[in-house]
Structures are given as structure tokens and as C-alpha cells.
Amino acid sequence: MKYLVRDRIFSIGDDYWIEDEEGRHAFLVDGKAMRLRDTLELKDPDGQVLVTLRQKMFSLRDAMTIERDERPLATVRRKRLSLLRNHYRVTLVEGTELDVSGRILDREFTVEYDGELLAHISRRWFHVRETYAVNVLREDADASLLVAVAVCVIRMAERED
């Protein structure tokens, strides 16, 4: 399933829809403007909060947490830097680790678990420059988590740039 994200709307305080490939509203990203730290909520079309993304305060390395039902679900951190690719590690609370690598600022990267591709993020599929897709490849994957991971690493890469 592909989810379409309009890139130019990524500012705190702005709300925007992520659509499925049929053009239906799939997720609402609700930016919380009056917070001390970067906070976003990913909601379903009915307004139910699926996950909350928060910038970690007072961390030695830039990090964001993903929470579900007000409990930590995952932490996203920069893994290492090379000249051509960015690498991030997503550590789920039960210890599972996802690897995110690719050209984050170009919106060409992947999310993998133990060498298995879970999602491919790309703007190659679109002629409109401000749009990219989060293509969730496994039907049993948590789409809201993978979309949240994509949003987190893009926000972190943009802050570092």
C-alpha cells in the first residue's frame, strides 16, 4: 500500500493529510505548535490518535520517540553518516531494531528489519516535486509506525542539514 505525502507542508503547527493510493485520507498529521519540543500526532481519518512523535529533550544525540497510547513504542536515532547515504536506527521497546538508510533529503530511502524490506520511501513515482510515497510492502506491517518512522527521519535530517 502506498501512502502519499505532500512534502512542503512539514512545519510545526500545520495539519495535513496523508492519502492512500486511491486518494482517500489515510492519516492526519497534527502538528502541535505551542509545545516546547517538536510534537506531531498521527491520527486516523476519524481523529483517533494512532501514534505521537516527539523530539527527545536533553539527549546527547538527536532523537525522536514514537509513542502509542501515551507509552513509548520506539526511539529513532541517527546511526552513522557517510557521504552518500544517511543511516538511522529505530529501536522498538521490545528490542527489535529497524534500519533506515538511503538519501533521506532526496526522499529515496528504505526501512528494513533483519535484511527484509518493510517500506520504500520514494518521490520517483511522482512528477510533482513536493510529493513522495511511503510504500509499505508487507501486508502485516504496522503502516502507521512505518509512516511515523519516515516522518521522523525526514524531520531529523532536515534539522541536521
Side-chain angles (χ1 to χ4, degrees), residues 1-7 9-10 15-31 39-56 62-82 84-158:
M1 173 67 81
K2 285 183 186 161
Y3 298 96
L4 313 179
V5 183
R6 306 257 181 312
D7 217 7
I9 313 176
F10 264 0
D15 299 343
Y16 59 94
W17 284 100
I18 296 174
E19 300 172 346
D20 66 16
E21 54 194 328
E22 305 295 324
R24 295 181 305 248
H25 290 166
F27 303 107
L28 174 66
V29 179
D30 184 359
T39 302
L40 299 167
E41 291 177 341
L42 190 65
K43 298 178 178 180
D44 68 14
D46 296 323
Q48 181 73 28
V49 175
L50 301 172
V51 292
T52 302
L53 294 69
R54 297 184 200 279
Q55 177 185 2
K56 265 193 129 173
D62 195 22
M64 288 189 80
T65 59
I66 301 172
E67 300 171 0
R68 180 170 281 147
D69 300 324
E70 299 184 22
R71 292 188 306 259
L73 176 64
T75 302
V76 181
R77 286 192 172 86
R78 183 177 203 126
K79 185 176 172 186
R80 61 183 179 264
L81 175 67
S82 70
L84 300 176
R85 300 170 71 84
N86 296 98
H87 296 267
Y88 290 82
R89 172 151 297 144
V90 180
T91 306
L92 300 171
V93 290
E94 79 272 0
T96 302
E97 292 184 340
L98 307 178
D99 287 314
V100 180
S101 64
R103 296 184 323 274
I104 308 295
L105 294 175
D106 291 336
R107 309 308 188 253
E108 296 293 336
F109 59 97
T110 60
V111 180
E112 297 180 351
Y113 167 68
D114 202 23
E116 181 182 355
L117 188 61
L118 298 178
H120 182 217
I121 292 76
S122 179
R123 90 171 15 136
R124 254 187 304 184
W125 295 302
F126 302 99
H127 298 292
V128 180
R129 179 156 170 70
E130 294 86 17
T131 302
Y132 66 91
V134 177
N135 188 11
V136 177
L137 300 172
R138 287 185 48 156
E139 287 186 28
D140 62 340
D142 183 342
S144 63
L145 174 63
L146 293 172
V147 169
V149 165
V151 170
C152 280
V153 297
I154 289 169
R155 291 185 77 82
M156 291 171 71
E158 286 177 344

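- Within the 4.5 Å cutoff, the side chain of Leu42 has no heavy atoms near those of the Val151 side chain.
- Side-chain atoms of Arg107 come within 3.5 Å of backbone atoms of Leu105 as a donor-acceptor pair (strictly under, hydrogens ignored).
- Counting heavy atoms from C-beta on, the side chains of Leu98 and Leu118 come closer than 4.5 Å.
- Within the 4.5 Å cutoff, no side-chain heavy atoms of Met64 are placed close to those of Arg77.
- Listed by chain and number, the residues in a salt bridge (Lys or Arg N to Asp or Glu O under 4.0 Å) with Glu97 are Arg89 (sequence neighbours excluded).
- Atom CG of Asp20 sits about 11.5 Å away from atom CD1 of Ile18, to the nearest 0.5 Å.
- Proximity of a side-chain donor or acceptor of Asp69 to a complementary backbone N or O of Arg71 within less than 3.5 Å is not detected.
- Between Thr65 and Pro72, every side-chain heavy-atom pair lies at or beyond the 4.5 Å cut-off.
- Heavy atoms only, all atoms of each residue included: Ala26 and Pro45 are closest at O-CD, 3.3 Å.
- A distance of 12.5 Å separates CE of Met1 from CG of Leu137, quoted to the nearest 0.5 Å.
- Separating the CG atom in Asn86 from the CZ atom in Phe109 is a distance of 9.5 Å, to the nearest 0.5 Å.
- Between Glu108 and Arg123 the shortest heavy-atom distance is OE2-N, 3.1 Å.
- Evaluated for a side-chain contact (heavy atoms from CB on, under 4.5 Å) with Val90, the options Leu73, Thr96, Asp99, Val76 yield exactly one hit, Val76.
- Checking each of Val51, Thr52, Val93 against Arg68 for a side-chain contact (heavy atoms from CB on, under 4.5 Å) leaves exactly one that passes, namely Val51.
- With sequence neighbours excluded, the residues that form a ring-ring contact (aromatic ring centres under 6.0 Å, His included) with Phe27 are Tyr3.
- Within the model, atoms CD1 of Ile66 and OG1 of Thr91 stand 10.5 Å from one another, a figure rounded to the nearest 0.5 Å.
- Residues meeting the salt bridge (Lys or Arg N to Asp or Glu O under 4.0 Å) test with Asp46, sequence neighbours left out: none.
- Taking the charged nitrogens against the carboxylate oxygens, Lys43 and Glu41 do have a contact shorter than 4.0 Å, which makes a salt bridge.
- Inter-residue side-chain proximity for Val5 and Ile154 is flagged as unmet; no heavy-atom pair is nearer than 4.5 Å.
- Side-chain contact check for Ser101 versus Thr110: some heavy-atom pair is nearer than 4.5 Å.
- Remark: the backbone N or O of Gly31 is paired with a side-chain donor or acceptor of Asp15 at under 3.5 angstrom.
- Between the OG1 atom of Thr131 and the CD atom of Glu19 there is a distance of 9.0 Å, given to the nearest 0.5 Å.
- More than 12 non-hydrogen atoms from other residues, nucleotides or ligands lie less than 6.0 angstrom from CD of Glu94.
- For the atom pair CZ (Arg103) and OG (Ser122), the distance works out to 8.5 Å, reported to the nearest 0.5 Å.
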